[in-house]
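Structure first, then comments.
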Amino acid sequence: MDLHQLRLLRELDERGSLAAVARALHVSASAVSQQLTALQRRVEVPLTERRGRTLVLTGAGQALARAAVDVSVAMRSAEQAVSQYLQDPRAAVSLCAFNSAGLTYFGPLLQDLSGDGSPRLICYDQDVGQEDFPALTADYDLVIAHRLEHSTPWPETTTVLPLVREPLDVAMSDRHRLANAPSVSIADLIDEEWVSVHDGFPLMHALQAIAVHSGQPLNVTHRINEFFIAAAIVSAGPAIALMPRHTAAPPSGSGIVLKPIHDLPLARRVDILCQPEALHRTAVLQVIAALRRTSFSSGGSGAAGLAEEADSAE
């Protein structure tokens with residue numbers, strides 16, 4: 001049954017006439033009559049009857065009017081529950097991130113949001129291909145995703161909040177022949193062994209761009225998605241890898257150095273993805289604000305470096 005029609009029936013029971021209902025709701029008496037006629041079609045017994053020139057409720061109509069009061073109370077309770085959910089700053093917020101972003105952000109975020117009145121953050125990691133990140137917004141309130149600069153934008157149906165822009169460098173052992181160079185060129189990399197990500201993952205397009213500019217396929221000897229496993233391989237031998245400058249930067253003393261490619265600048269965008277309705281929740285907005293604070297702080301591994309590139313992401 002239509003809630004508006006039930007309200008009109010209740011108003012008729014309380015006010016006693018169509019004219020009184022129409023005046024109270026600032027509509028015409030004929031409009032009220034049409035809505036009550038539509039409600040009558042949903043019920044098998046008469047809800048109203050004529051007593052002289054006045055339309056009054058039957059016993060069935062009075063019973064439905066009393067039930068309409070309960071419906072109105074239940075709807076108001078439901079609306080208040082939704083309002084409280086949207087405005088509750090301590091509500092749970094699920095946050096999903098790709099691995100290196102999780103390493104960068106989760107620790108500082110949990111510390112930042114540990115005080116009274118803060119959202120309850122629930123963290124997840126997902127290692128997926130670039131095209132699969134938007135679908136994760138159906139399962140998580142917020143998704144930290146990455147894509148290569150100049151690659152296909154995220155779908156228009158997904159809300160995108162830019163977080164940072166991060167350059168991609170070539171990682172190599174500090175014993176590598178190019179380790180002392182301030183930067184490298186595509187020509188320097190033609191004959192090198194590479195650690196590549198698996199097909200479909202965001203950095204694959206950057207590796208393909210290097211191959212296109214070099215005029216020949218890369219000599220890929222290892223396929224590793226996890227940057228820190230790739231770093232272990234790079235530090236142990238001659239292979240090189242493409243790595244984000246900040247979120248996956250090898251720690252000092254790891255035996256790895258990062259070199260920019262001066263004739264092919266590469267970068268990735270790190271964005272927050274969500275469904276539009278998520279931004280109506282106070283707790284979600286607090287987590288987004290904390291994410292941005294983390295990007296501009298030195299609280300987490302790589303966070304300070306990410307901040308250096310954030311201005312160009314806005």
Side-chain angles (χ1 to χ4, degrees), residues 97-107 125-130 144-149 151 164-270 300-306 308-309:
F98 58 93
N99 292 341
S100 57
L103 182 64
T104 298
Y105 289 114
F106 287 170
D125 69 326
Q126 287 279 6
D127 187 27
V128 300
Q130 180 173 317
I144 303 178
H146 61 137
R147 67 176 182 87
L148 287 183
E149 201 168 40
S151 66
V164 292
R165 174 186 180 274
E166 182 173 25
L168 301 175
D169 295 330
V170 177
M172 63 186 65
S173 166
D174 58 10
R175 304 180 305 278
H176 194 278
R177 63 181 181 85
L178 299 172
N180 293 323
S183 64
V184 296
S185 67
I186 294 296
D188 293 329
L189 306 175
I190 289 177
D191 297 321
E192 296 297 320
E193 295 182 25
W194 281 88
V195 180
S196 168
V197 296
H198 291 278
D199 290 340
F201 287 81
L203 294 195
M204 176 55 71
H205 296 295
L207 293 167
Q208 290 170 345
I210 294 173
V212 168
H213 281 75
S214 68
Q216 66 184 56
L218 299 184
N219 177 23
V220 175
T221 55
H222 310 279
R223 288 193 178 272
I224 304 292
N225 278 350
E226 174 53 58
F227 288 128
F228 296 98
I229 299 176
I233 293 174
V234 168
S235 66
I240 62 175
L242 201 61
M243 289 188 179
R245 183 174 297 174
H246 306 301
T247 51
S252 177
S254 65
I256 296 175
V257 292
L258 298 178
K259 302 295 177 181
I261 307 175
H262 61 255
D263 53 352
L264 182 63
L266 296 171
R268 70 174 178 178
R269 298 279 178 170
V270 180
S301 173
L306 279 170
E308 295 171 7
E309 306 299 334

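Keep in mind that what you see is a predicted model, and the values were worked out from it rather than measured.
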If you take all heavy atoms of [X] and [Y], which pair is closest and at what distance?
{"X": "Val220", "Y": "Ser196", "value": "CG1-CB, 3.6 Å"}
{"X": "Asp188", "Y": "Arg177", "value": "O-NH2, 2.9 Å"}
{"X": "Leu242", "Y": "Leu203", "value": "O-CD1, 3.6 Å"}
{"X": "Pro244", "Y": "Leu258", "value": "O-CD1, 4.4 Å"}
{"X": "Ile210", "Y": "Trp194", "value": "CD1-CH2, 3.9 Å"}
{"X": "Ile144", "Y": "Phe98", "value": "O-CD2, 3.3 Å"}

message: List the residues meeting ring-ring contact (aromatic ring centres under 6.0 Å, His included) with Phe227, not counting sequence neighbours, and say none if there are none.
response: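 Not a single residue meets the ring-ring contact (aromatic ring centres under 6.0 Å, His included) criterion with Phe227.
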
To the nearest 0.5 Å, what is the distance between [atom1] ([X]) and [atom2] ([Y])?
{"X": "Arg269", "Y": "Glu149", "atom1": "CZ", "atom2": "CD", "answer": "4.5 Å"}
{"X": "Leu218", "Y": "Leu207", "atom1": "CG", "atom2": "CG", "answer": "6.0 Å"}
{"X": "Ile224", "Y": "Ile229", "atom1": "CD1", "atom2": "CD1", "answer": "5.5 Å"}
{"X": "Ile256", "Y": "Lys259", "atom1": "CD1", "atom2": "NZ", "answer": "13.0 Å"}
{"X": "His213", "Y": "Leu264", "atom1": "NE2", "atom2": "CG", "answer": "5.0 Å"}

Distance-only criterion, 3.5 Å: show the donor-acceptor pairs between side-chain atoms of residues 169-176 and protein atoms not counting sequence neighbours.
| residue | atom | partner | partner atom | Å |
| --- | --- | --- | --- | --- |
| Asp169 | OD1 | Arg245 | NH2 | 3.0 |
| Asp169 | OD2 | Arg245 | NE | 2.8 |
| Ser173 | OG | Arg175 | N | 3.0 |
| Arg175 | NH2 | Ser235 | O | 3.1 |
| His176 | ND1 | Leu178 | N | 3.0 |
| His176 | NE2 | Glu192 | OE1 | 2.7 |

Which residues pass the side chain to side chain contact (heavy atoms under 4.5 Å, CB included) test with [X], sequence neighbours left out?
{"X": "Ser183", "value": "Pro260, His262"}
{"X": "Gln126", "value": "Cys96, Val128, Leu136, Tyr140"}
{"X": "Asp199", "value": "Met204, Arg223"}
{"X": "Asn219", "value": "Glu193, Thr221"}

query: Quick check: does any side chain N or O of Asn99 sit under 3.5 Å from a backbone N or O of Glu226, one acting as donor and the other as acceptor?
result: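 No; zero donor-acceptor contacts below 3.5 Å.
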
- prompt: Are the side chain of Glu166 and the backbone of His246 linked by a donor-acceptor contact shorter than 3.5 Å?
  reply: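 Answer holds: yes.
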
- prompt: Between Leu266 and Leu148, does a side chain to side chain contact (heavy atoms under 4.5 Å, CB included) hold up when you go through it step by step?
  reply: CA-CA 8 Å; Leu266 296 171; Leu148 287 183; over 6 Å; no

